[in-house]
J.: 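Here you go, one structure.
Each chain gets a letter, A, B and so on, in the order the sequences are listed, and its residues count up from 1.
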Amino acid sequence: MRMAAVLGVIAGFVLDWRLGLLLAVWLGAWLVNHGLSQGGGVWAMRLVPVIFGLCLLVLWQMAVTLFAVPSVILPGPVAITVRFASGLDMLWGDFVQTFVKGALSGYFIGCGAAIFAAIAVDRSLFLQRGLLPVASFLAALPVVGIAPILVMWFGFDWQSKAAVVVVMVFFPVLVNTVEGLRAADAMQRDLMATYSASYWQGLVKLRLPAAMPFIFNGLKIATTLAMIGAIVAEFFGSPTQGMGFRISTEVGRLGLDMVWAQIAVAALAGSAFYGVVAMIEKGVTFWHPSQRGR
Amino acid sequence: MKRVAPVLVVVGCILALWYVMAVVMNTQWERDQAGRAGVSVGWAQIVPATMRQERPVLPAPHQVVAELWQLTWVEETEGRRGLVNSGSLSNRGLLIHAWVTVSATMLGFAMGAGFGIFLAVGIVYNRAMDASVMPWAIASQTIPIVAIAPMIIVVLNSVGVAGLLPKAIIAAYLSFFPVVVGMVKGLRSPDAMQLDLLRTYNASAGQGLWKLRFPASMPYFFASLKVGIAASLVGTIVAELPLGGAGLGTRLLAGSYYGQTIQIWATLIVAAILAAGLVGAVGFVQVRVLGRMGMRA
């Protein structure tokens, strides 16, 4: 295996020295990672993905520089970082418009509505039988398609983006929550019954806590959907601010470094959003096996 | 019957609500028209009129169905450029757009699923790959790739990569992740006893993969394929937004530019039917394969 990799690098050098250099960097990082993961300390295992990520960035920059890729096609990480630093004000304005106003408000409305709807659905067997198949069908549909209609209805500003986000996050959260409300087993429900707990006591003290791992699963899926919905909705019309607006206009002006800077913001915001929800999950569902294992 | 009836009732309620909403949302336009003409209209005139507008705020369901019928069956059988009269699908109908979208989706899905299986096997058999690739595969999904897909398409087009491939790449990017996660779970699902048994048989790594891990992973595999194919359809539709030519995404954007609400809704219905059909096809294969393997789907 290692021999084959070395041979590959040599073949790369023979074909084109630049290709060989890229392959050599790749192989070097890979060997370091291989060694670290064989050693297997806690810190070593944390270091491995960091090295992998840095290696990708270095390879990207090297490829762009060595092969002289024009910046209208693919700017390197250095150029993107420079643009990022110089355009902070604009990036912040776009971020507030798209993420805080559009995505977050839609996320809270959509997830809240979905959880309440799930509790209502859970109370009635008829709704469970009727609404759930329809909801899981709708959850699989390309809901982004509804964006142009909602933009027509709610105007160009953030309200229409929030509306798209509400529609996108509603069904995954609904389906997961209904699933979760069934998670408490018969024995536990019987125990609540022997305590003569009312429906609401049973819901608040047993079934909602038991449903939390499922609800958070839905909430985590919804974080990425919220980002997607808010940005895509801006392609169908937006005020002169916002990440989707900036991406589509800068593509037209061939300002690809700005586009990549926006992508970096989207990636950072998306990861942070996901991370915050995952942290809340850790606090709320500390008792669940998947959280105790680590 | 017990299972179908509630679904039908709910769908019926949704349709009824849709009609009510159509009347409510389209009324304003009728009132404005009447006001401009200087006549007063009562509800008896307004309600039927809201069902017949050319560019309603919310088209009534039967308008959408009529548009759908017009653009598929009627266009192909009677239209000058339709299938019957010209021998190829009409470029004014919806079928050609649906076909373009489906073919890009299928290509992307095949690429994504193949890449996903490859990565999953690597992750299961190589510790270094497990530690280095998995966190980045997760991180890659928090990037709203769907949102930047149109840009990637435009750039690839400017380099000269056009046609199905750019869309398929976006679709593949979206569908590989569910497959990786599902397959890693599935390939790791055989328990220690079964793995030990293979070791006592002196089975090689390849034999272990082929005879134990792959068969054991099938339920997970199909579950993730269903998620993956729905994701690649979404990716393809969004990727088509900036492109001229054919495709459901292009159709949606054109509809929104010209305010053709009925056309947008008809396109959405086609997209919904496609999604249901694709997921249903995977489900069909799943039931057959798992049935032959003696598992319950």
Side-chain angles (χ1 to χ4, degrees), chain A residues 30 33-38 40 45 48-49 51-53 56 72-74 125-131 133-134 137-138 140-149 151-153 223-224 227-228 230-232 234-237 243-244 247-248 250-252 256 259 262-263 266-267 270-271 273-274, chain B residues 2-3 5-11 13-14 25 57-58 126-136 138-151 154-155 158-159 226-227 230 233-234 237-238 241-242 248-249 252-253 255-256 259 261 264-265 267-268 271-272 274-276 279:
Chain A
W30 186 254
N33 267 350
H34 196 68
L36 279 177
S37 62
Q38 293 299 326
M45 290 312 273
V48 168
I51 294 176
F52 183 76
L56 285 184
V72 288
I73 292 174
L74 183 67
L125 189 66
F126 180 78
L127 279 182
Q128 274 190 36
R129 288 221 182 108
L131 202 58
V134 179
F137 172 71
L138 289 176
L141 293 186
V143 185
V144 249
I146 207 153
I149 294 164
V151 171
M152 271 181 207
W153 288 357
T223 55
T224 30
M227 290 292 293
I228 292 171
I231 298 182
V232 170
E234 288 185 358
F235 293 150
F236 293 98
M243 294 159 79
I247 288 174
S248 47
E250 289 289 334
V251 166
L256 276 224
V259 173
Q262 292 284 2
I263 294 172
S271 309
F273 195 8
Y274 187 92
Chain B
K2 250 189 173 163
R3 285 179 54 200
V7 177
L8 287 181
V9 171
V10 167
V11 171
C13 287
I14 292 175
M25 297 182 79
V57 181
L58 176 65
N126 187 323
R127 223 175 119 76
M129 214 161 146
D130 182 17
S132 53
V133 174
M134 209 48 189
W136 287 98
I138 295 172
S140 77
Q141 296 301 306
T142 63
I143 303 175
I145 183 78
V146 168
I148 54 179
M151 179 213 89
V154 171
V155 170
S158 71
V159 195
K226 280 186 186 169
V227 180
L233 181 64
V234 173
I237 290 179
V238 175
L241 287 180
L248 293 179
L252 278 180
L253 195 64
S256 105
T261 37
I264 298 180
W265 281 98
T267 313
L268 278 180
L274 279 187
V279 175

J.: Name the region of B/Ile14, side chain, backbone, both or neither, that has any atom closer than 4.5 Å to a heavy atom of chain A.
T.: side chain
J.: Go through A/Met152 and B/Ile264 one step at a time and tell me if the side-chain contact (heavy atoms from CB on, under 4.5 Å) criterion holds.
T.: CA-CA 11 Å; A/Met152 271 181 207; B/Ile264 298 180; 3.7 Å; yes
J.: Atom CG of B/Leu268 and atom CD1 of A/Ile149: how far apart are they, to the nearest 0.5 Å?
T.: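 If I round to the nearest 0.5 Å, the distance is 4.5 Å.
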J.: Relative to chain A, which segment of B/Val10 carries a heavy atom at a distance below 4.5 Å: side chain, backbone, both, or neither?
T.: side chain
J.: Which one wins on heavy-atom pair count under 4.5 Å against chain A: B/Val11, B/Leu58, B/Leu274?
T.: B/Leu58
